[in-house]
Every structure is written in C-alpha cells, then in structure tokens.
Amino acid sequence: MEIISTVAGLREAVAKAKAEGLTVGLVPTMGALHAGHISLIERARKECGFVVVSVFVNPTQFNNQNDLLTYPRTVEADCEKLTEAGVDVAFVPTVEEVYPEPDTRVFDLGPVAEVMEGAMRPGHFNGVAQVVSKLFDFVRPDKAYFGEKDFQQIAVIRRMAELEGFDIDIVACPIKREADGLAMSSRNVRLTPQQRAIAPEIHQVLTDNADLALQRIDIETLKEMVVTELNAIDGMEVEYYEIVDSVTLQPVETWEDARHDLVGCVTVWLGDVRLIDNIKYPLSK
Ligand code: PAF
C-alpha cells in the first residue's frame, strides 16, 4: 500500500491505475477505523481494481469545536488496518493540503440537508459537501462507498454529486454492528464503560418497536414510544427521532403518505457523546 499525503501524488497514482484500465473505488473516512470501515473497503475491493481510502478529519464539517478536538486520531493504526485490508492507496493529507485556502463554497443542498442533522448541526452538511467534492475531484473515482449509519449524509452527497456533475456511483453500504447491536462508530471509543453498557439499547428499542411499524401504528405514536423508552434509560437523552422518506429524507406523517420505504433516524446523547442510528421500515410488508 502506498501512503500519499499530497494531492499531486494522489492524482498521479490514480492516473496510473486508470491508464491500466482499473476501476477506481474511493472510501472516504475520518480515520479511527473500525470494522464498519473495513466492510466498506471489502465491498470496494470486490468491485474495484484500485481502492483509495482517505483518512482525513475534516474541520469544516464540525460545528462543535470540542467534537473536532476530541475526535479520535489513530493514523498509524489506521494505516496498518488499511494495509491488511488490501488497500492500494491511503490518502492522508494535512488540512493545508486539502484546504490551501479557506473553502467558501456554499452548496445548495436543498431539503435533504435541512432536516435532522442539518437542522441540529448548522453548517455540518456544507462541510461534508466541501470535503467530499474535493475528494471526488482529486480521485474522480468510478465508485464511492459510504455507510448507512449516516443515512442522511448519503442523500446529501448524492445531491452534491448531482449539483457538481460528478458521474460517480455512490454505493450505500449496510450498518455494521457490534455483537450487542451497537452501530459501529469512531465515537464509541469515547463512551465510558457505563455508557458503553447501555448504548446497545438504542438499536434494541428501535428493533423492539419495528413490529408496531409493520402493524402500521400511527407514526406520531410510534415516534413518541421510541423517544419515551430511550429517555427512560438512565444516562440517555434523545435529541430527535424522525421517521422520514428514505429518498427525500422528509418527515412523513402517515403511512399512506409514504412514497418510498421509510427510515427511522435517531440521535441520542450519552453524556457528551452524540450517537446516531437508524432503522428501515419497508413499505412492502
Ligand atoms: O462519514 C464520514 O466519516 C465523513 O463525514 C466523511 C464522509 C469521510 C467526510 O469527511
């Protein structure tokens, strides 16, 4: 595996792979790699002849300075994992390399970016669009891989790719979970043992209530039940639980209004750690 820290070096390596006729896959990450990332890489490895993984904690997507400062950084261990996973290039740039000057672009991301994470974390999705558009431009991959834990992020990236005219297959990959159901996340390492012990309840409560969705219980009631059950767990505080259209990401009030499968998206605080998760409610029973 080649570890590259400059955009010029990256472009050169990718150009060589393309000249050899290889399909190029990109897996953007912020490092602190776990089995969830590795599953994206495995998928990319299967589908592409040349796999680039970026490891870059993007400052422009953090609306909370403390979150940026405490975000886990484990570059050496990450590179070992990437080598083991059979990655061709690890792109590990500095902030100055990605942003030689401040990125002042404001993307017209539309309604997909206005709800949930977009409403709670002002500027977050614009920062994601900035960095992913840069990575797309540096690599010009055939395919790019993202995890469905950040379900809304994928819709935002699709919108950015459409706005910028990137002809890239954006591949959404299923959430990878710990054995006890907790969605894998780089932020999990920040949980205290006590918080870690209750964190799987997030997934548990979502799945426990999934049958009610199948029975088409009133959506508002379902939302209230999930929020009440999660808030009843000592140490947890729900920021939001929304049931949204999986394509438009807009909240849906009744099952009859649904045009696509629905997704229940939750954000929960455990102390100062913010975790997100989601569950799909398919339209066809
Ligand atoms: O999902 C993430 O880890 C980040 O938002 C991404 C897509 C790598 C952009 O920084």
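Indexing begins at 1, ligand by ligand and atom by atom, following the structure's order. Side chains included, hydrogens not; waters and symmetry mates left out as well; all remaining heavy atoms used.
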- Item | Cluster overlap Phe166 with Phe146, hydrophobic side-chain contacts below 4.5 Å |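 Yes; Phe146 is reachable from Phe166 via cluster members.
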
Give the atom numbers and elements of ligand 1 that come within less than 4.0 Å of a heavy atom of [X].
X	value
Pro28	8 (C)
Gln61	4 (C), 5 (O), 9 (C), 10 (O)
Val131	9 (C), 10 (O)
Met30	3 (O), 4 (C), 8 (C), 10 (O)

- Message: With no hydrogens and no angle check, just 3.5 Å: does a side-chain donor-acceptor pair link Glu117 and Thr267?
- Response: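 Note: Glu117 and Thr267 side chains meet the donor-acceptor criterion.
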
- Assess the side chains of His124 and Asn63: does a donor N or O sit below 3.5 Å from an acceptor N or O?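 Short answer, no.
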
- Which protein heavy atom lies closest to atom 5 (O) of ligand 1, and at what distance to 0.1 Å?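 Its nearest protein heavy-atom neighbour is Gln153 OE1, 2.7 Å.
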
- Item | Residue part near ligand 1, for Thr29, under 4.0 Å between non-hydrogen atoms |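 For Thr29, only backbone atoms sit under 4.0 Å from ligand 1.
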
- Query: Got more than 12 heavy atoms from elsewhere within 6.0 Å of NZ, Lys176?
  - Reply: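 12 or below, so no.
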
- For residues His37 and Ala32, report the shortest heavy-atom separation together with the two atoms involved.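 Where His37 meets Ala32 most closely, the heavy atoms are CE1-O, 3.7 Å.
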
